[in-house]
Amino acid sequence: MDTLASPAALLTPDEPPAVTVVNPQGAAPVVLLCEHAARRVPARLGTLGVPAADMERHIAWDIGAEAVTRALARRLDAPAVIAGYSRLVVDLNRPLDSATLMPAVSDGTPILANQALTDADRQARLDALFHPYHAAVATCVDAKRAAGQTPAIISVHSFTPVMNDFQRPWHLGVLWDQDGRLPLPLLDLLRAQPGVVVGDNVPYSGRDGHGYTLKTHSTRPGLPGVLIEIRQDLIGDAVGVERWSTMLAHALGQLIGRPDIHHVLAGA
């Protein structure tokens, strides 16, 4: 059964929660994350001044990422922490001082409700959505460590096939910073799949501010971690989700539990 976080002030009592923890009792030494799962906006914020068609685009959510994350939670028997609201309200994978935390413009689309935010407006979003999500991640990680495990933190995202008129050739991207324990062997396993094009720190990089969640819950405490990007046109339907989640689960399953991966880095 899923466990649901309590609603905060920005959310009305009948709205979905800020965060859902899927399979909280999952036995694997893994915590899955999906920060950009939803395109939902709290009722009190209306439409954010964004046309409905744009809320279907990649600017509002990571298309297919939630379905893949839930499939991985089942296949790996791992808990998954899934965000309930759009990244346009607040991006859970950005530091608090980032200009894209509550973006005024995203891929050319003005986000009108974000263009004159007061400190109180910003704090309400942080209190309702940002802090509850990261608290839920910390709770899952703490539970794993209390059970004697050193969990791997695996963040699941998706990327648009075309950006700035560039047709992105990668099927998958593996993002990481300095700790290669999990990403490097994962890259090798994925690149061994026939016809699969896998990028190392592309189309984004885990070293340029795009990986706040991983930095907070993996890098700083010295836990193994990786951010996986999947091209959105590949996971836009159930067939694609099945194919790519199966491939990822098979690769990750060969790495999860290895003692050379599951230990706390000294000095972290």
Side-chain angles (χ1 to χ4, degrees), residues 1-6 17-37 65-84 92-93 95 130-157 174-190 206-207 211-229 245-268:
M1 181 179 294
D2 299 351
T3 59
L4 304 180
S6 299
V19 54
T20 299
V21 180
V22 174
N23 192 24
Q25 305 303 319
V30 169
V31 177
L32 294 161
L33 311 179
C34 192
E35 299 97 313
H36 299 155
E66 179 179 359
V68 170
T69 304
R70 288 179 176 270
L72 289 175
R74 293 192 301 270
R75 293 179 180 279
L76 300 175
D77 189 25
V81 186
I82 296 178
L92 307 176
N93 198 35
F130 188 94
H131 296 312
Y133 182 84
H134 288 283
V137 176
T139 295
C140 285
V141 172
D142 288 348
K144 289 293 183 185
R145 300 190 74 171
Q149 296 181 344
T150 300
I153 313 303
I154 301 173
S155 181
V156 180
H157 292 251
V174 174
L175 277 57
W176 58 293
D177 191 357
Q178 301 302 314
D179 180 5
R181 281 177 291 173
L182 182 54
L184 291 176
L186 179 60
L187 277 165
D188 289 341
L189 289 169
L190 293 173
R207 299 169 184 156
Y212 171 80
T213 303
L214 206 63
K215 182 175 182 179
T216 301
H217 300 287
S218 170
T219 306
R220 287 176 182 164
L223 301 176
V226 66
L227 190 155
I228 299 170
E229 292 267 8
S245 64
T246 299
M247 180 185 299
L248 284 168
H250 179 70
L252 289 167
Q254 297 177 67
L255 304 174
I256 291 169
R258 279 179 27 177
D260 60 325
I261 292 175
H262 290 273
H263 60 88
V264 178
L265 283 185

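- Under the side-chain hydrogen bond (donor to acceptor under 3.5 Å, both in side chains) criterion, Thr246 pairs with Arg75, not counting sequence neighbours.
- Without hydrogens or angle criteria, His262 side chain to Thr150 main chain gives a donor-acceptor distance under 3.5 Å.
- For Asp177, the side chain to side chain contact (heavy atoms under 4.5 Å, CB included) criterion is met by Arg207, not counting sequence neighbours.
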Please tabulate, for the side chains in residues 130-140, all donor-acceptor contacts under 3.5 angstrom to protein atoms that are two or more places apart in sequence or on a different chain.
from   : atom 1 : to     : atom 2 : distance (Å)
Tyr133 : OH     : Cys34  : N      : 3.3
Tyr133 : OH     : Val81  : O      : 3.1
His134 : ND1    : His217 : NE2    : 3.0
His134 : NE2    : Leu92  : O      : 2.9
Thr139 : OG1    : Ala135 : O      : 2.9

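- With rounding to the nearest 0.5 Å, the separation of OG1 in Thr219 from OH in Tyr212 is 12.0 Å.
- Few gaps surround NE2 on His263; more than 12 heavy atoms of other groups in view lie less than 6.0 Å from it.
- Each of Val156, Leu184, Leu187, Leu182 was checked for a side chain to side chain contact (heavy atoms under 4.5 Å, CB included) with Val226, and the lone residue meeting it is Leu182.
- Annotation: side-chain hydrogen bond (donor to acceptor under 3.5 Å, both in side chains) contacts of Ser245 (sequence neighbours excluded): none.
- Screening residues 252-263 for salt bridge (charged side-chain N to carboxylate O under 4.0 Å, His left out), with sequence neighbours left out, gives Arg258-Asp260.
- Note that CG of Leu76 and CG of Leu32 are 6.0 Å apart. Values are rounded to the nearest 0.5 Å.
- Residues Leu223 and Arg181 approach most closely at C-NH2, 3.3 Å, considering heavy atoms.
- Scored by the side chain to side chain contact (heavy atoms under 4.5 Å, CB included) test, Leu189 finds Ala251, Gln254, Leu255 as partners (sequence neighbours excluded).
- When all heavy atoms of Val31 and Pro151 are compared, the pair lying nearest together is CG2-CB, 4.3 Å.
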Item checked: Pair Val19-Ile82, side chain to side chain contact (heavy atoms under 4.5 Å, CB included): steps then yes or no -> CA-CA 6 Å; Val19 54; Ile82 296 178; 6.0 Å; no
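- Atom CG of Leu33 and atom OG1 of Thr69 lie 8.5 Å apart (nearest 0.5 Å).
- Of the residues listed (Asn23, Ile256, Leu72), the one engaging Asp77 in a side chain to side chain contact (heavy atoms under 4.5 Å, CB included) is Asn23, and it is the only one.
- The salt bridge (charged side-chain N to carboxylate O under 4.0 Å, His left out) check on Arg74 picks up nothing, with sequence neighbours excluded.
- With sequence neighbours excluded, the residues forming a salt bridge (charged side-chain N to carboxylate O under 4.0 Å, His left out) with Glu66 are Arg70, listed by chain and number.
- Asp188 is linked by a side-chain hydrogen bond (donor to acceptor under 3.5 Å, both in side chains) to nothing, counting only residues two or more places apart in sequence or in another chain.
- For the residue pair Ser155 / Glu35, a side-chain donor-acceptor distance below 3.5 Å is found, with atom types taken as modelled.
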Throw together a table of side-chain donor-acceptor distances under 3.5 angstrom for residues 141-149, partners on residues two or more places apart or in other chains.
from   : atom 1 : to    : atom 2 : distance (Å)
Lys144 : NZ     : Gly26 : O      : 2.5
Lys144 : NZ     : Ala28 : O      : 2.6
Gln149 : NE2    : Ala27 : O      : 3.0

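- Of all heavy-atom pairs between Gly225 and Pro183, the closest is O-CD, 3.6 Å.
- Contact record, Ser218 with Pro221: O-CD, 3.3 Å, taken as the closest heavy-atom pair.
- Of all the heavy atoms in Pro29 and Gly257, the pair that sits closest is CG-N, 4.3 Å.
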Margin query: Test side chain to side chain contact (heavy atoms under 4.5 Å, CB included) on Glu229 and Leu175; report intermediate values, then the result.
Written below: CA-CA 8 Å; Glu229 292 267 8; Leu175 277 57; 3.9 Å; yes
